[in-house]
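Okay, structure first, notes after.
As the structure is a computational prediction, the values presented were derived from the model and not from experiment.
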Amino acid sequence: LILRSFFLILVFNVALISRVVAIESVSISEEVDIFNVGKQAEFFIDQEGELGFQEIRKKAESGQFKKSDQDLINFGYSHATYWIRFRIESSPSDNRSMIMDIDRFWINDIAVFIQKMDGTVLIKKAGLKYPFFQREIVHDTFAFEMPSLNDIHEIYISVSDPRDLLEIPITISSSKSFFEKAASHRLVEGVYLGLMVMLILHAVIAFIMTKEQTYPSYIFWIVSITLLMTQLFGLTYQLFWPNVPWLEQQAYRGLIVISNIAIIAFVRSFLKLAESIPLIDKFLKILIGIGVLIILSSITDFWIFNTEHIYSGVVVIVLTLVTFWRIKQGFKPARFFTVSFAFLDFCILVTLFRIYLFSTSGDINVIAIAVIVQSVFFAIAIQDKFLMIQAQKQVDQLDLTEKLESAVSDKTMELQLTNQALLEAKKAADSANIAKSEFLANISHELRNPMHHILSYSKFGITKTNAPKEK
């Protein structure tokens, strides 16, 4: 009985020690190209972020690392530094070129320590704090070339980002599979961004042709949201500011807020809120001011955690209610806004549900689809508004034409009556002239004959008077 008890205690202690110190290996077979590290890893939380690699190794040897129970290693939002540890087990004949990929583009600081069988440690560093082209593999995520699998004893990874969600999806794949996957992603991203560029060009051409004053604010919004999606695809750092790490660290929050400011400006212009609902228009101006303050705070030490997400939620809710209000006021084009905002509300709720309840990042595909749908509905809304304005102009033109025709007809009738009166007056005047002429002719005749006799007798008398007297 004593020997049996001693044996059971010994077995229990050995099992406990093996559980604490041993680490499950990532088994890599030659038949599979992509391997997820997830549940085969262990992690340790360095709350102060001050421990070095050698100190962390001692923590691992003393069994202070915890086993991961997730395929996607997720530490949520934290200011701590997290250490991940795993081993690789492969066939001696497996000589493939392998790549370890941390499939996130926003992590601020990553350090990889590859401990080889001979005891040497290979150190690789990456993250947004470094210029883009210093990466070992030029890619939007953080990828590292692996030495020969049979030469690797253990791998340690430290990650830290005081401002963002720490999700660490670690995969090990063959170089061929990695670059094929990267090419397929680039194709999808290229098609998507091509559609967004087409929408921008369509809006520019439409503005040039129609002079519709809503288009500039729409173009501002669609350009800002396209830049945001480019950033979410991890492309802005490579394409626009590869040597400005500070700008890339702020780009995500800044572009979120700028796109919200742009959509507020667009809605104000489209729905004519300054004329229809002045009080709401003033409130939206205040929201724009708050957005500017958030942008300024994000580049200073006064940044408040997750304010950009809260700001986006408030903006979307307010604009959704405003569009409903305008529909009730009889502004028909607002119905397209309502549909687009309702769809966007749903996508945002799904994203926030995943972020805050499950501490996982939102699905980029959901956001991308929401942006495309919203952009198309906004374009339709502008076109519908333009057609409505054109139809109203045609109605107004017809009304004006009818009024002008009626006025011309009335004026013509008035002129005809005036001309008739003038003709009658002219006839009366002509008759008076004729009567006057006849009267004068008769009077002249009647006066001329007596006057002629009088003058003749007068002349005869004068002649007689002036003649010499007969002797």
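- Closest approach of N36 and Q40 over heavy atoms only: O-OE1, 3.4 Å.
- Taking CD1 from I34 and OG1 from T171, the interatomic distance works out to 7.0 Å, rounded to the nearest 0.5 Å.
- Between the D33 side chain and the S177 main chain, no donor and acceptor come within less than 3.5 Å of each other.
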Side chain to side chain contact (heavy atoms under 4.5 Å, CB included) between L199 and L195, intermediate numbers included: CA-CA 6 Å; L199 286 172; L195 289 173; 5.7 Å; no
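- Annotation: the span from T120 atom OG1 to Q115 atom CD amounts to 8.5 Å, rounded to 0.5 Å.
- Rounded to the nearest 0.5 angstrom, E50 CD and E55 CD are separated by 9.5 Å.
- Not a single donor-acceptor pair under 3.5 Å links the side chain of S269 to the backbone N or O of S217.
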Take Y82 and F43 through the ring pair (Phe, Tyr, Trp, His ring centres under 6.0 Å) test and state the conclusion after the steps. CA-CA 7 Å; Y82 289 84; F43 66 91; 7.2 Å; no
For the pair F53 and Y156, evaluate ring pair (Phe, Tyr, Trp, His ring centres under 6.0 Å) and give the outcome as yes or no after the intermediate values. CA-CA 8 Å; F53 175 61; Y156 289 82; 5.3 Å; yes
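- To the nearest 0.5 angstrom, N260 atom CG is 11.0 Å from L255 atom CG.
- Within a 6.0 Å sphere centred on CH2 of W241, heavy atoms belonging to other residues, nucleotides or ligands number more than 12.
- Between Y252 and F105, the closest side-chain pair of non-hydrogen atoms is not below 4.5 Å.
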Taking it one step at a time, do T230 and F240 satisfy side chain to side chain contact (heavy atoms under 4.5 Å, CB included)? CA-CA 10 Å; T230 306; F240 301 124; 4.2 Å; yes
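- No more than 12 heavy atoms of other residues, nucleotides or ligands lie within 6.0 Å of CZ in F324, so this atom counts as exposed by the packing criterion.
- What you find for M98 and S175 is that their closest heavy atoms are N-OG, 4.2 Å.
- Ring geometry for Y218 versus Y215: interplanar angle over 60°, hence perpendicular rather than tilted (30 to 60°).
- E136 is listed as a side-chain neighbour of K124, based on a closest heavy-atom distance under 4.5 Å.
- Between Q238 atom CD and F133 atom CZ the span is 5.5 Å, to the nearest 0.5 Å.
- When side chains are defined from C-beta on, L193 counts as touching L235, because their heavy atoms get closer than 4.5 Å.
- Side-chain contact check for F178 versus H139: some heavy-atom pair is nearer than 4.5 Å.
- The minimum heavy-atom distance linking M117 with I152 is given by the pair CE-O, 3.4 Å.
- Remark: side-chain polar atoms of Q213 are paired, donor with acceptor, to backbone N or O of K211 under 3.5 angstrom.
- Taking every heavy atom of both residues into account, F142 and L128 meet most closely at CZ-N, 4.1 Å.
- Checked options K181, R104, R186; the residue passing with D140 is R186 (criterion: salt bridge (charged side-chain N to carboxylate O under 4.0 Å, His left out)).
- Across every non-hydrogen atom of I256 and S259, the tightest pair is O-OG, 2.7 Å.
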From CA spacing to verdict: side chain to side chain contact (heavy atoms under 4.5 Å, CB included), I264, R268: CA-CA 6 Å; I264 292 172; R268 287 182 61 237; 4.2 Å; yes
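- In this structure the side chain of I170 reaches within 4.5 angstrom of the side chain of I157, judged on heavy atoms.
- When all heavy atoms are compared, the tightest approach of A143 to I99 is CB-CG2, 3.9 Å.
- Atom CD1 of I263 sits about 12.0 Å away from atom CZ of F270, to the nearest 0.5 Å.
- F35 has its side chain out of reach of I88: every pair of non-hydrogen atoms, C-beta onward, lies at least 4.5 Å apart.
- Side chains of L284 and L319 form a contact here, defined as non-hydrogen atoms less than 4.5 Å apart.
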Worked check of side chain to side chain contact (heavy atoms under 4.5 Å, CB included) between I317 and L321: CA-CA 6 Å; I317 291 171; L321 295 175; 4.3 Å; yes
Stepwise side-chain hydrogen bond (donor to acceptor under 3.5 Å, both in side chains) check, T236 with E248: CA-CA 8 Å; T236 53; E248 179 63 15; 3.1 Å; yes
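- Judged purely by atom type and a 3.5 angstrom limit, R96 has no side-chain atom pairing as donor or acceptor with the backbone of S174.
- Among the candidates I155, I102, I137, D101, the single residue satisfying the side-chain contact (heavy atoms from CB on, under 4.5 Å) test with F144 is I102.
- You'll find the side chain of H185 stays beyond 4.5 Å of the side chain of F233, heavy atoms only.
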